[in-house]
Amino acid sequence: MDDLVQLTKDKDVAIITINNPPVNALSPAVAQGIVQAIEQAGKDDGTKAVVLIGGGRTFIAGADIKEFGKITSGKTQRGAGLLPLLLQIEDVRKPVVVAIHGSAFGGGLELAMAGHHRVAVPNAQLGQPEVKLGIIPGAGGTQRLPRLVGVAKAVEMCAEGNPISAQEALKLGLVDRLIEDDLLAGALDFSREIAGKPTLKTRERNNKLGNPEQNASVFAAAREKAHTKQRGMMSPLAAIDAVEAATRLSFEEGCQLERKLFDDCLFSDQSKALIYAFFGEREVAKIPDIPKETALLPVNSVAVVGAGTMGGGIAMVFANAGFPVLLKEADEPALHHGLATIQKNYQSSVKRGRLTQRFVDERLQLIKPTLSYDDFGKVDMVVEAVFEGMALKKEVFGQLDRVCRPGAILASNTSTLDIDEIASATSRPVAVIGTHFFSPANIMRLLEIVRGKASSKEVIATCMQLSKKLGKVGVLVGNCRGFVGNRMFGPYRREAQFLVEEGASIESVDKALFDFGMAMGPMATGDLAGLDVGWRIRKEYRHLEKPGLRQPFAEDRLCELGRYGQKTGAGWYKYDENRRPILDPEVNEMVRRWAREAGIPQRKLSSEEIVDRCIYALVNEGARILEEGIVWRAADIDIIYLNGYGFPAYRGGPMWYADTVGLDKVYRRISEFHQQHGELWEPAPVLKRLAEEGKTFAELNREQTVMA
Ligand code: 3HC
Ligand code: NAI
């Protein structure tokens, strides 16, 4: 036994403490330590009961996820896993009481269920989140959980992966007692109360396994839900199969089936992608040239300028996280309209049961409307969200420079404009940064943090840390037109339009990308965001377009007809009063006519070509972004696409997807498109190089990219 697991004693009760910071992941060494401790405690005649507890901030967050990559890459042999250890715990003839604080997740909950009793602090969380990593519980979780909480709840927890609170666990019988004060003291008391009584093995408790008729409807409903809510993912369906096995097979046979399903999932591309995304989300928080010790600026109060679509949402984001927010508008009607929208949005969350009225009332109290800059000197940070226009932004930043205190962070929510030029309107460009929220700001998790040339490390580090407090995934990007997400989305939506102009129907383009796993097809996405946004930008920047270079025209024509998308009731599709899309054959016919007039040859396009054209357009632009050093690593791009653009998580993001396909193949296909469609498809040099070297984007050495 080493430092990872300690065996101590409190009179007649043995205490096994796991100390594997930060989250007590059940690495093979930890499991080995527990085996030894359990054996020793089991043999000791002076021990009446055993308490198993986590040291530090949590119980056990699961198996060590890093081990999975070693297994699938062949670096480590797949062993028996945790199953034998859990049987050993269950077979100890003295009661094993598992004491839970923080999270008992995955293998952590499986281990807890192998104990004879569980006690927990009230704010502990218990769950089987494996499906979110593309796998299923692999240490008997699908067999023990239904025996403790019943089949319906076990299916839900294993297939959806969301944790439950200790209170709910108590009601369900997963936890035997809540301990309000000292967890260890409470667990010791509990173990003394039950010492000497016969121990109950979870695997032998069959009274909650239900009957075949009831179970059949539970599994059918769960499968149906998985097909819609976790579309395209294999792990939820495998998890349901495994729980179903618990109701049909013996515990041992059920565990065998679970192991087979676990292995099928573990070796799948889906699980590799989801595990990559798990670590990627944590990696993007680490900025190589900004040390962890960088001093953070205090942010306790904020102001938002502009209460339109974005400003209102951003004010809600800060208020939801407990920050007092000063919300400034240009005039009374706009302020009134902005506040009314905020209230409407909150009310709809209350109606849907997402928020309580009390929470909403408290948040609304935090938002203080204003028409002046009078109180701006008191706030620690300002987020500007006025109309997109350089002259106006500069005017606002000039004003902020005059009224804000030294040290305050001045952020812009611009989606396209040059942060350095905005910063030049102030006497303190070090304090200026982009915080690009996505719409609807109170819902979308992504926050692109745009680093200006002069943005200070303290300002960047503070914004990165703030993103977590706001419940967002902050990704640091360099300053370029459209930054990362929108810059890549341009070519993606351009290709979608080209495909329609070349003969694909609107619905076939959307269907191909929806079936690929995108949350929405590109045409429907355009309608949602408003086709006029791009139209206005294209009109403004037409002078920058290279003469003779093919440009899509269909959306501009639709806008000329007043078809802006959902907001006008029609765009690529028509919309009913509930904003449901209805196919409009007239639009397909119009596009055909425009294309013939423009001399574009019409042909049949396969869904494979549709997907390749759109997704590889993302990849090629992403490669350029990497090459220019706009981001540090491919994971930055992938995390942006998973959290802001509805890219399917089980494909890991566009760059990871390209790695999975193989960059040689991707390069060949892009080269074909280059030949067929001209210079818009010129392969990014870094793609060519990696393809020739047989490497991946994920391997791209960080030092090869330099932050712009
Ligand atoms: N294995 C390895 N590392 C893990 C880990 C795990 N299970 N869980 C978290 N970590 C690491 C993170 O990568 C991070 O590392 P870093 O500091 O180097 O970036 C560090 O621990 C802290 O994690 P977070 O930043 O996520 O800390 P939070 O406090 O925000 O969240 C948590 C804590 C809620 C426990 C969250 O980390 C989490 O959800 N972890 C994953 C839980 C999970 O999926 N468990 C199932 C694993 S699979 C399994 O158990 C299979 C079994 O059935 C056989
Ligand atoms: P909007 O038009 O809904 O709101 C802008 C608001 O700013 C208006 O209410 C206007 O009255 C107010 N305003 C103008 N001048 C002002 C001043 N001097 N002081 C105070 N308020 C003033 O615009 P939207 O969509 O909210 O966009 C705001 C910013 O966010 C733009 O920079 C835009 O590019 C960016 N953005 C927009 C996204 C979207 O999907 N709408 C997504 C991400 C960023």
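One-based numbering, in listed order, for ligands and for the atoms of each.
- At least one heavy atom of Arg57 sits closer than 4.0 Å to an atom of ligand 1.
- Annotation: Ile65 places an N or O atom under 3.5 Å from an N or O atom of ligand 1; distance criterion only.
- Of all the listed residues (Val131, Val23, Leu133, Asn20), Val23 holds the heavy atom that lies closest to atom 11 (C) of ligand 1.
- Atom numbering of ligand 1 starts at 1 in the shown order; those under 4.0 Å from a heavy atom of Gly62 are 50 (O).
- Within the 4.0 Å heavy-atom shell around ligand 2 one does not find Gly338.
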Can you check side chain to side chain donor-acceptor pair (under 3.5 Å) on Tyr645 and Asn486, steps first, answer last?
CA-CA 9 Å; Tyr645 292 84; Asn486 286 346; 2.6 Å; yes
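- The distance from ligand 2 to the heavy atoms of Thr309 drops below 4.0 Å at these ligand atoms: 3 (O), 25 (O), 26 (O).
- Note: Thr294 OG1 to Asp289 CG = 9.0 Å, rounded to the nearest 0.5 Å.
- When the heavy-atom distances from atom 16 (C) of ligand 2 to Ile537, Asn486, Val386, Thr435 are ranked, the shortest goes to Val386.
- The N/O atoms of Phe262, backbone and side chain alike, include none that comes under 3.5 Å of an N/O atom in ligand 1.
- Every atom of ligand 1 with a heavy atom of Arg282 under 4.0 Å away is listed here by number and element: 12 (C), 13 (O), 19 (O), 24 (P), 25 (O), 26 (O).
- Heavy-atom proximity to Phe279, at under 4.0 Å, picks out these atoms of ligand 1: 13 (O).
- Contact atoms of ligand 2 toward Phe387: 2 (O), 5 (C), 7 (O), 8 (C), 10 (C), 14 (C) (distance under 4.0 Å to a heavy atom of the residue).
- Judged by the shortest distance from any of its heavy atoms, Lys286 lies inside the 4.0 Å radius around the atoms of ligand 1.
- Side-chain N or O atoms of Glu329 include none that pairs as donor or acceptor with a backbone N or O of Leu371 at under 3.5 Å.
- Proximity of atom 21 (N) of ligand 2 to the protein is indicated by at least one non-hydrogen atom lying closer than 4.0 angstrom.
- Less than 4.0 angstrom separates atom 15 (O) of ligand 1 from none of the non-hydrogen atoms of the protein.
- Listed by number with element, the atoms of ligand 2 under 4.0 angstrom from any heavy atom of Lys328 are 19 (N), 20 (C), 21 (N).
- The ligand atoms of ligand 1 that sit less than 4.0 angstrom from a heavy atom of Ala61 are 7 (N), 35 (C), 42 (C), 43 (C), 45 (N), 46 (C).
- The two atoms that bring Gly134 and Ser271 nearest to each other are O-CB, 3.6 Å, heavy atoms only.
- Judged by distance alone, with hydrogens and angles left aside, the side-chain atoms of Arg451 form no donor-acceptor pair with the main-chain N or O of Ile433 at under 3.5 Å.
- For ligand 1, the atoms lying closer than 4.0 Å to a non-hydrogen atom of Pro137 are 53 (O).
- At a heavy-atom distance under 4.0 Å, only side-chain atoms of Phe68, from C-beta outward, approach ligand 1.
- Close to ligand 1: Pro129, with a non-hydrogen atom less than 4.0 angstrom away.
- Phe376 does not carry Arg402 over the face of its six-membered ring by the limits of under 6.0 Å from the centre and within 45° of the normal.
- Residue Phe438 places no heavy atom under 4.0 Å from ligand 2.
- In terms of polar-atom proximity, defined here as any N/O pair under 3.5 Å, Tyr373 makes no such contact with ligand 2.
- Taking every non-hydrogen atom of Ala334 and a distance limit under 4.0 Å, the qualifying atoms of ligand 2 come out as 11 (O).
- Below 4.0 Å from some heavy atom of Glu130 lie the following atoms of ligand 1, by number and element: 48 (S), 49 (C), 50 (O), 51 (C), 52 (C), 53 (O).
- Heavy atoms of Lys468 come nearer than 4.0 angstrom to ligand 1 in at least one pair.
- Distance alone, capped at 3.5 Å, places no donor-acceptor pair between the Asn20 side chain and the Leu4 backbone.
- Of all atoms in ligand 2, numbered sequentially from 1 with element shown, those under 4.0 Å from a heavy atom of Thr414 are 32 (O).
- When the heavy-atom distances from atom 30 (O) of ligand 2 to Val533, Val304, Asn413 are ranked, the shortest goes to Asn413.
- The main-chain N or O of Leu86 is never found under 3.5 Å from a side-chain atom of Glu110 such that the two would form a donor-acceptor pair.
- Summarising the contacts of atom 50 (O) of ligand 1 with Gly81, Gly161, Gly107, Gly127, the nearest heavy atom is found in Gly107.
- Judged as a ring pair (Phe, Tyr, Trp, His ring centres under 6.0 Å), and not counting sequence neighbours, the contacts of Phe318 are Phe323.
- Annotation: atom 43 (C) of ligand 2 to nearest protein heavy atom, Phe437 O, 3.2 Å.
- Put simply, OH on Tyr276 and CG on Asp638 are 3.5 Å apart, with the number rounded to the nearest 0.5 Å.
- Classified by interplanar angle (parallel below 30°, tilted 30° to 60°, perpendicular above 60°), the ring pair Tyr564/Trp535 is tilted.
- When atom types are taken as modelled, the side chain of Asp527 and the backbone of Trp572 share a donor-acceptor pair closer than 3.5 angstrom.
- Of all the atoms in ligand 1, the ones that sit under 4.0 Å from a non-hydrogen atom of Gly106 are 46 (C), 50 (O).
- Of the candidates Arg259, Lys132, Glu283, Glu110, Glu110 brings a heavy atom nearest to atom 52 (C) of ligand 1.
- Looking at Pro22 against ligand 1, only its side chain comes within 4.0 Å, counting heavy atoms.
- Listed for the Arg118 side chain is a donor-acceptor partner under 3.5 Å among the backbone atoms of Leu174.
- Using a non-hydrogen distance threshold of 4.0 Å, His337 does not register as a contact of ligand 2.
- Checking side-chain atoms of Glu90 against main-chain N and O of Arg203 turns up a donor-acceptor pair under 3.5 Å.
- Looking at Asn643, its side chain does come within 3.5 Å of a backbone N or O of Ile639 through a donor-acceptor pair.
- Given atom 4 (O) of ligand 2, the protein heavy atom at minimum distance is Gly308 CA, 3.3 Å.
- For ligand 2, the atoms sitting less than 4.0 Å from at least one non-hydrogen atom of Gly306 are 7 (O), 12 (C), 20 (C), 21 (N), numbered in the order shown with element in parentheses.
- Evaluation of the side chain to side chain donor-acceptor pair (under 3.5 Å) test over residues 235-244, restricted to residues two or more places apart or in two chains, returns Arg223-Asp241, Arg223-Glu244, Glu244-Arg248.
- Relative to atom 36 (N) of ligand 2, the option among Lys393, Met310, Glu384, Met444 with the closest non-hydrogen atom is Met310.
- Annotation for ligand 2: atoms under 4.0 Å from non-hydrogen atoms of His436 are 43 (C), 44 (C).
- Listed by atom number, the atoms of ligand 1 under 4.0 Å from Ala25 heavy atoms are 1 (N).
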